[in-house]
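Everything below concerns the one structure shown next.
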Amino acid sequence: MKFKTKPRALLPDRRKLMATFGILLILISFTIMYRSLQGAKQRNGAIVAVRDLPFGQVISNEDVKTIWVDLSQAQGSYPVAEEVVIGKTVARNIYANELISNSMLGSDKNLRTVAMQLPLGSVPPNLQINDTIDLWWVNPETLQAENLMSSINTSEVIKDGSGYASTITVVVALAPNQVGNLIAAMKTETIEVVKHES
């Protein structure tokens, strides 16, 4: 009587299969690691605003911080060191947690901040820092309301006092040639602040 024996090739075949599977796992692991390293190489330091920064403000140490992000092809458009940003003026409103690009920065520090102390009725009740406003006044010669300045941004909004006697100080950043017109208007008539609604 003859007994059937198991094929001897079964064990080596199983070992080959396991070895092949192991090699595939190693290759997959190396591929994942390689892609992770490639992704890490693309991540660079970028500068982000810590708080809202209005147009015309000079950026200080406390206004920015560095974070790590994947800038991909846009890397050259973003400063990579805080030293590059600090001391520059804000060329357009920058909002908290927004990445700061080169286009948001101005090298011109020749701006002037002007504080207007205005009665409550001349300022929208919801006016805040970084709002875009127009300034209107009544021309004493024509007695007509005129648009004195358009699309400027508030650098600071401070409520002074309380009750009916309270006022609001609105600070704006202007080019030097605009300052005289605003001061003259403040001395002759009340300035009315008109807010741009988004």
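The figures that follow rest on heavy atoms only: side chains count, while hydrogens, waters and symmetry mates do not.
Rounding to the nearest 0.5 angstrom, the gap separating the OG1 atom in Thr154 from the CG atom in Asp52 is 9.5 Å. If you take CG on Leu105 and CD1 on Ile47, they are separated by 10.0 Å, rounding to the nearest 0.5 Å. With rounding to the nearest 0.5 Å, the separation of CG in Leu135 from CE in Met186 is 9.5 Å. With rounding to the nearest 0.5 Å, the separation of CG in Asn102 from NZ in Lys88 is 7.5 Å. Considering NZ of Lys159 and CG of Leu127, their distance stands at 12.5 Å, rounded to 0.5 Å. The distance from atom CE of Met104 to atom OG1 of Thr89, rounded to the nearest 0.5 Å, is 13.5 Å.
Here the closest heavy-atom approach between residue His196 and residue Asp134 is recorded as NE2-OD1, 2.8 Å. Considering all non-hydrogen atoms of both residues, Asn126 and Asp131 come closest at O-OD2, 3.8 Å. Shortest non-hydrogen contact noted between Ala46 and Leu99 is CB-CD2, 3.7 Å. The two residues Ser155 and Ala173 make their nearest non-hydrogen contact at OG-N, 3.8 Å. Taking every heavy atom of both residues into account, Ala185 and Ile191 meet most closely at CB-CD1, 3.6 Å.
Residues Glu146 and Asn139 have side chains that bring a donor and an acceptor to within less than 3.5 angstrom of each other. Side chain to side chain, Asn153 and Thr132 meet the donor-acceptor criterion of an N or O pair below 3.5 Å.
Residues satisfying the side-chain contact (heavy atoms from CB on, under 4.5 Å) test with Ile158, not counting sequence neighbours, are Glu156, Asp160, Thr169. Judged as a side-chain contact (heavy atoms from CB on, under 4.5 Å), and not counting sequence neighbours, the contacts of Pro140 are Trp137, Glu189. Legend: residues meeting side-chain contact (heavy atoms from CB on, under 4.5 Å) with Asp63, ordered by chain and number and at least two apart, are Arg51, Leu53, Gln57, Ile59, Ser60.
With Ile152 as reference, Leu174 is the one residue of Val114, Leu182, Leu174 to meet the side-chain contact (heavy atoms from CB on, under 4.5 Å) rule.
Counting side-chain heavy-atom gaps under 4.5 Å among Ile, Leu, Val, Met, Phe, Trp and Tyr, the cluster of Val194 also holds Trp136. Cluster partners of Leu143, using a side-chain heavy-atom cutoff of under 4.5 Å among ILVMFWY residues and allowing indirect links: none. Annotation for Ile129: hydrophobic cluster partners, listed by chain and number, are none (ILVMFWY side-chain heavy atoms under 4.5 Å, direct or chained).
Taken together through direct or relayed side-chain contacts under 4.5 Å among Ile, Leu, Val, Met, Phe, Trp and Tyr, Val50 and Ile67 form parts of separate hydrophobic clusters. The hydrophobic clustering, which links ILVMFWY residues whose side-chain heavy atoms are closer than 4.5 Å, places Ile133 and Met149 together. Following chains of ILVMFWY side-chain contacts shorter than 4.5 Å, one can reach Val123 starting from Leu120, so the two form part of one hydrophobic cluster. In terms of hydrophobic clustering, with Ile, Leu, Val, Met, Phe, Trp and Tyr side chains grouped at heavy-atom distances under 4.5 Å, Tyr95 and Val64 are assigned to different clusters.
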**Request:** Could you please spell out the steps behind the side-chain contact (heavy atoms from CB on, under 4.5 Å) verdict for Leu118 and Thr167?
**Result:** CA-CA 6 Å; Leu118 305 172; Thr167 59; over 6 Å; no
**Message:** Set out, in order, the CA-CA distance, both residues' side-chain angles and the distance that settles side-chain contact (heavy atoms from CB on, under 4.5 Å) for Val172 and Thr113, then state yes or no.
**Reply:** CA-CA 5 Å; Val172 293; Thr113 53; over 6 Å; no
**Message:** Checking Glu192 against Thr190 for the side-chain contact (heavy atoms from CB on, under 4.5 Å) test, could you report, in this order, the C-alpha distance in whole Å, the side-chain angles of both residues, the deciding distance, and whether it holds?
**Reply:** CA-CA 6 Å; Glu192 298 286 335; Thr190 299; 4.2 Å; yes
**Asked** Does the side-chain contact (heavy atoms from CB on, under 4.5 Å) test come out yes or no for Val48 and Ile100, once each step is laid out?
**Response** CA-CA 6 Å; Val48 68; Ile100 298 177; 6.0 Å; no
